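Computed over heavy atoms, backbone and side chain alike; hydrogens, waters and symmetry mates excluded. Model, not experiment: these values are computed from the prediction.
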Amino acid sequence: MTYSVAVSGASGYAGGEILRLLAAHPDIEIRTVTAHSNAGQPLVDHQPHLRSLAHLTLQDTTPEILAGHDIVILALPHGQSGQYTDALGDVPLVIDAGADHRLTSSAAWDAFYGGAFHEPWAYGVPELPVAGGRQRDALRGATRIAAPGCNASTVSLSLAPGVAAGVIDPSDIVSVLAVGPSGAGKSLKPNLLASEILGSANPYAVGGTHRHIPEIRQALAAARPADADASGADIRISFTPVLVPMSRGILATSTAPIVEGATDAEIRAAWESAYGEETFVQLLPEGSFPRTADVLGANTALIGLAIDRSANRVTVVTAVDNLVKGTAGAAIQSMNIALGLPEARALSINGVAP
């Protein structure tokens, strides 16, 4: 069976990456691409690397144009997807790459985003440990999927195995991330100009203000055993992203205290057990740590783990391509699971080098 797909926000970075991956998918026909201010223009004018899609023209983003497809993927800024998802009830599968359907708490949405709150959808990070299994189980047969925030899924994948196994204390998490500017989208912003970021590292959303924080707390709370506190009230994270001059990539360094009595063997076993059979999330050998260069273009998260007994903390270093595993790859991987297709279809574990 071939599935017809419409992609909104197709002129942006996330939309372009979704289209790049879908273009190689044997079960997908990219029938419609939409945008706002760029509607009426050839797609290839805005995504010149997508030569196989040069025949497509950007159309207006309206419910009428998006309807009538087997799959609709929305790659829009936060707060913009809900107006469309409410009107797409007849579409068999809708995937939102924005934030509108990620959070289960309306209070968290109000505190970090504001505006209308929309119902949470199945969270699109298949490998995440959840009480009694993996998030993948919730994606099988799903008709509505919320693709993750790139920073949020990177930190959550980093720490969820330790939380699930009870070997780290999630009340004192510290995460510092080196992030490429493509995560901020394609809209022109003075702080993202080359003259502003080249040769510089710039922190942003400092002091607990980044919008991915509640998403991380939600994912880590879900990783706990079913009889544990599901509210995540005691999960506290100091989260500091730093913009660095690389177009793609996230390198997240996260630390958390070791629970009293947890041995080194038990700590490493928690991550080995969680990801030992996974294709796209890989724990590196002891003493090895990833680089963002190793995952560019790949749907792969590489994880390095260190046990710092002098500080009594676990340190986890995770590298992802924010546009692939962080966004578009997670969406396509989740789509494959929902449709009953091979999970890795149209996705690669191999990066691009140099």
- Message: The criterion is side chain to side chain donor-acceptor pair (under 3.5 Å); which residues satisfy it with E286, sequence neighbours excluded?
- Response: none
- Full working for side-chain contact (heavy atoms from CB on, under 4.5 Å) between E277 and E127: CA-CA 10 Å; E277 301 299 321; E127 300 91 350; over 6 Å; no
- If you measure from the Lys or Arg side-chain nitrogens to the Asp or Glu carboxylate oxygens, is any gap between R309 and D264 under 4.0 Å? yes
- Note on the structure: Those residues at least two apart in sequence (or on a different chain) that pass salt bridge (Lys or Arg N to Asp or Glu O under 4.0 Å) with R51 are none
Result block: side-chain N/O donor-acceptor pairs under 3.5 angstrom for residues 184-199, not counting sequence neighbours:
from	atom 1	to	atom 2	distance (Å)
K186	NZ	S11	O	3.0
K186	NZ	H46	O	2.9
K189	NZ	A184	O	3.1

- Name all pairs fulfilling the ring-ring contact (aromatic ring centres under 6.0 Å, His included) condition that reach into residues 239-288, sequence neighbours left out, sorted by first residue then second. H210-F239
- Please identify each residue that fulfils salt bridge (Lys or Arg N to Asp or Glu O under 4.0 Å) with D234, with sequence neighbours left out. R224
- Message: Under a 3.5 Å cutoff, is there a donor and acceptor pairing between the side chains of D308 and T315?
- Response: no
- Note on the structure: Smallest heavy-atom separation, A142 atom then A338 atom, equals O-CB, 3.5 Å
- Message: Can you pull out every side-chain hydrogen bond (donor to acceptor under 3.5 Å, both in side chains) where at least one residue sits in residues 153-167? Sequence neighbours excluded, please.
- Response: S158-T318
- Residues in salt bridge (Lys or Arg N to Asp or Glu O under 4.0 Å) with R236, at least two apart? none
Enumerate donor-acceptor pairs with a distance under 3.5 Å from any side-chain N or O in residues 59-74 to protein atoms, sequence neighbours excluded.
from	atom 1	to	atom 2	distance (Å)
T61	OG1	T34	OG1	2.8
T61	OG1	A35	N	3.3
T61	OG1	A35	O	3.1
T62	OG1	I65	N	3.1
H69	ND1	L66	O	2.8
H69	ND1	A67	O	3.2
H69	NE2	T32	OG1	2.7
D70	OD2	S4	N	2.9
D70	OD2	S4	OG	3.3

- Which pairs with one or both residues in residues 198-221 pass salt bridge (Lys or Arg N to Asp or Glu O under 4.0 Å), sequence neighbours excluded? R102-E215
- Qualifying side-chain hydrogen bond (donor to acceptor under 3.5 Å, both in side chains) pairs with a residue from residues 111-121, counting only residues at least two apart or across chains: H101-W121
- Residues two or more places apart in sequence or in another chain: which of them pass salt bridge (Lys or Arg N to Asp or Glu O under 4.0 Å) with D100? none
- Item | Trace of the side-chain hydrogen bond (donor to acceptor under 3.5 Å, both in side chains) decision for Q218 with S105 | CA-CA 9 Å; Q218 177 177 294; S105 167; over 6 Å; no
- Applying side-chain hydrogen bond (donor to acceptor under 3.5 Å, both in side chains), which residue pairs with at least one partner in residues 337-354 are found, sequence neighbours left out? D27-R345, R136-E343, Q333-E343
- Item | Residue pair A14 / T327: nearest heavy atoms and the distance that separates them | CB-CG2, 4.0 Å
- Message: Pair R313, T255 - check side-chain hydrogen bond (donor to acceptor under 3.5 Å, both in side chains), show working.
- Response: CA-CA 6 Å; R313 298 179 75 90; T255 78; 3.0 Å; yes
